[in-house]
Number of protein chains: 2
Amino acid sequence: MARLVEVDDPADARLSDYRDLRDVQLRKHLESDQGLFLAEGEKVVRRSVEAGFEPRSFLMAPRWLDGLADVLDRSDAPCYVLSEALAEEVTGFHVHRGALASLHRRPLPPVEEVLAGARSVLVLEDLVDHTNVGAAFRSGAALGMDAVLLAPRCADPLYRRSVKVAMGAVFATPWTRLPDWYGALPQLSAAGFTTVALTLAADSVPIEEAVRGVDRLALVLGSEGHGLTSRWEESADRRATIPMQPGIDSLNVAAASAVACYVAARR
Amino acid sequence: MARLVEVDDPADARLSDYRDLRDVQLRKHLESDQGLFLAEGEKVVRRSVEAGFEPRSFLMAPRWLDGLADVLDRSDAPCYVLSEALAEEVTGFHVHRGALASLHRRPLPPVEEVLAGARSVLVLEDLVDHTNVGAAFRSGAALGMDAVLLAPRCADPLYRRSVKVAMGAVFATPWTRLPDWYGALPQLSAAGFTTVALTLAADSVPIEEAVRGVDRLALVLGSEGHGLTSRWEESADRRATIPMQPGIDSLNVAAASAVACYVAARR
């Protein structure tokens with residue numbers, strides 16, 4: 001059973017995991033230095049613990065204790081209980097879903113382990129927006145992607161915004177980082193996957209055509225601004241596009257990933 | 001040619017259109033009271049003016065003046081020029097794309113005008129998140145939706161976040177609000193549209209099947225939390241679902257709208 005610890009001083013050092021959640025730069029350093037990530041909201045906190053992540057602590061207002069009693073029962077971590085006003089002072093924003101947990105990160109698995117048994121894999125290159133990373137995980141999980149691979153510079157799926165938008169899909173879907181950016185796609189091809197890059201390149205074919213009949217498929221998407229790097233675009237086995245209306249320059253990457261996963265699931 | 005007005009006092013009353021852009025409640029009141037909306041970023045500012053909206057004023061740091069010279073040339077509105085630090089003080093956030101415009105809203109057209117000639121219409125019920133509204137407009141425009149209709153309580157497509165996420169699609173796509181929530185879907189049916197509601201209802205069929213062979217189509221999506229109201233779910237001609245993996249509860253509404261529009265475009 002988690003120890004309930006009432007806190008009335010927002011400067012209390014034990015709350016440092018929850019400090020200034022809106023300050024992205026500060027949080028990135030703190031979370032990677034400490035090896036932690038945050039789950040926000042009753043549903044996501046529950047899913048993080050059910051997925052086997054070990055809580056460092058919880059932080060919530062008294063009214064959330066009952067709903068999360070079963071989760072707290074299973075943990076020995078402290079649960080800091082404070083008013084919503086104090087929680088807002090610590091975190092820097094209105095915590096409207098009320099419950100937070102800080103959890104230990106786990107070492108990322110090797111690529112081979114993530115790919116074992118996977119038939120459909122989503123590969124994200126240099127996405128910078130945590131919301132888009134979370135959305136891609138959520139859509140991928142709903143629409144049949146078995147695993148996710150990230151380029152070395154892709155935004156962190158365990159950053160708070162990613163976790164929240166993904167609704168826990170970042171816990172349930174096997175994922176890891178590709179250690180070698182340059183060789184990543186040829187290595188996937190060598191492992192038996194057909195790599196299909198989403199792009200507006202002149203030689204791209206409609207996505208339905210590109211995935212038709214493919215057994216082991218790796219769907220590859222690039223960053224919000226400029227899409228894939230030319231290295232990834234050129235080293236993919238196939239280049240595919242989502243047919244769009246004339247005069248429209250592109251889809252948002254989260255929307256594109258949803259459409260591509262839907263089409264891939266029907267190949 | 002817009003008049004360039006250098007400003008060095010962040011409290012200058014002429015900047016009131018740009019005040020506290022992060023305060024959603026305050027902005028909602030100010031923008032509807034004043035009949036204005038904001039465009040943010042060089043590309044979106046340009047598209048708003050090209051779409052024929054009349055600027056009240058512009059606000060930008062000196063380094064954005066050249067890139068928008070053609071837009072400023074065509075307007076008589078004042079352009080407030082101030083440092084990025086001052087702009088941040090006024091707006092309450094770091095304006096990283098640098099240029100803002102405040103524009104006059106126009107009266108919304110009647111539903112019949114928006115539907116005239118449209119074959120595919122997106123209908124949004126009570127979405128609350130401006131990002132999702134903007135994303136639905138953007139995907140709809142890219143994937144062949146001719147028009148958008150909004151329930152009376154749906155979040156505002158001209159709110160700054162919606163406009164930004166939509167990348168200007170809220171200017172290019174005809175849209176209006178449905179004056180009568182209760183009768184909205186039967187009235188669309190009477191106007192010759194087959195209304196297809198996205199839902200997890202037990203009698204729903206896969207979306208591909210629901211839209212197959214439909215001529216004039218109205219795709220209907222509900223709010224982020226609970227989906228469609230039972231009235232809209234029940235008064236639609238057909239109920240459709242996007243097939244998902246077992247154990248996954250739903251797709252984000254922006255992802256669902258992208259997939260539904262993609263499927264609808266291929267009916």
Side-chain angles (χ1 to χ4, degrees), chain A residues 22-25 41 43 47 93-94 96-97 120 128-129 131-132 134-146 161 164-169 172-173 200 206-208 224-225 241-266, chain B residues 22 24-25 41 43 47 50 93-94 96-97 120 128-129 131-132 134-146 161 164-169 172-173 200 206-208 224-225 241-266:
Chain A
R22 270 189 148 159
D23 186 334
V24 180
Q25 288 314 317
K43 196 182 268 191
R47 288 182 182 174
F93 69 90
H94 186 59
H96 64 112
R97 281 182 195 143
S120 303
V128 296
D129 184 314
T131 302
N132 286 335
F137 266 83
R138 183 174 174 189
S139 295
L143 298 170
M145 290 286 130
D146 303 309
R161 285 288 304 160
K164 187 173 174 182
V165 170
M167 293 292 293
T173 307
L200 302 172
I207 175 79
E208 280 188 45
E224 292 84 359
T241 196
I242 296 171
M244 278 176 262
Q245 295 298 299
I248 304 283
D249 44 5
S250 70
L251 278 170
N252 160 274
V253 64
S257 72
V259 170
C261 292
Y262 177 86
V263 173
R266 271 145 205 80
Chain B
R22 270 190 149 158
V24 180
Q25 288 313 315
K43 196 182 269 192
R47 288 181 182 175
E50 286 175 352
F93 68 90
H94 186 57
H96 64 113
R97 279 180 197 146
S120 303
V128 297
D129 185 314
T131 302
N132 286 334
F137 267 84
R138 183 173 175 191
S139 295
L143 298 170
M145 290 285 130
D146 304 309
R161 284 287 304 161
K164 187 173 174 181
V165 170
M167 292 295 292
T173 307
L200 301 173
I207 176 78
E208 280 189 45
E224 293 83 358
T241 197
I242 296 171
M244 278 176 262
Q245 294 299 301
I248 304 285
D249 45 6
S250 69
L251 277 170
N252 161 274
V253 66
S257 72
V259 170
C261 292
Y262 177 85
V263 173
R266 271 145 205 82

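Numbers restart at 1 for each chain; the letters A, B, ... are given by sequence-line order, proteins then strands.
Judged as a side chain to side chain donor-acceptor pair (under 3.5 Å), and not counting sequence neighbours, the contacts of B/T131 are B/D129, B/R161.
Both the backbone and the side chain of A/A141 come within contact range of chain B, judged by heavy atoms closer than 4.5 Å. Heavy atoms of B/A255 lying under 4.5 Å from chain A belong to its backbone as well as its side chain. For a residue to count as touching a neighbouring chain, one of its non-hydrogen atoms must lie under 4.5 Å from one of that chain's; by this rule A/V165 does not touch chain B. When heavy atoms are compared at a cutoff of 4.5 Å, A/P243 approaches chain B by way of both its backbone and its side chain. Of the atoms belonging to A/S250, heavy atoms from both backbone and side chain fall under 4.5 Å from chain B. Interface remark: A/A142 contributes backbone and side-chain atoms alike to the contact with chain B (heavy atom separation under 4.5 Å).
A/L143 CG to B/L251 CG: the interatomic distance, rounded to the nearest 0.5 Å, is 5.0 Å.
Proximity of B/I207 to A/Y262: side-chain heavy atoms (C-beta onward) are separated by under 4.5 Å at one or more points. Using a 4.5 Å cut-off on side-chain heavy atoms (C-beta onward), B/S139 and A/N252 make no contact.
Of the residues considered (A/P246, A/A256, A/G144), A/G144 shows the highest number of contacts with chain B, using heavy-atom pairs under 4.5 Å.
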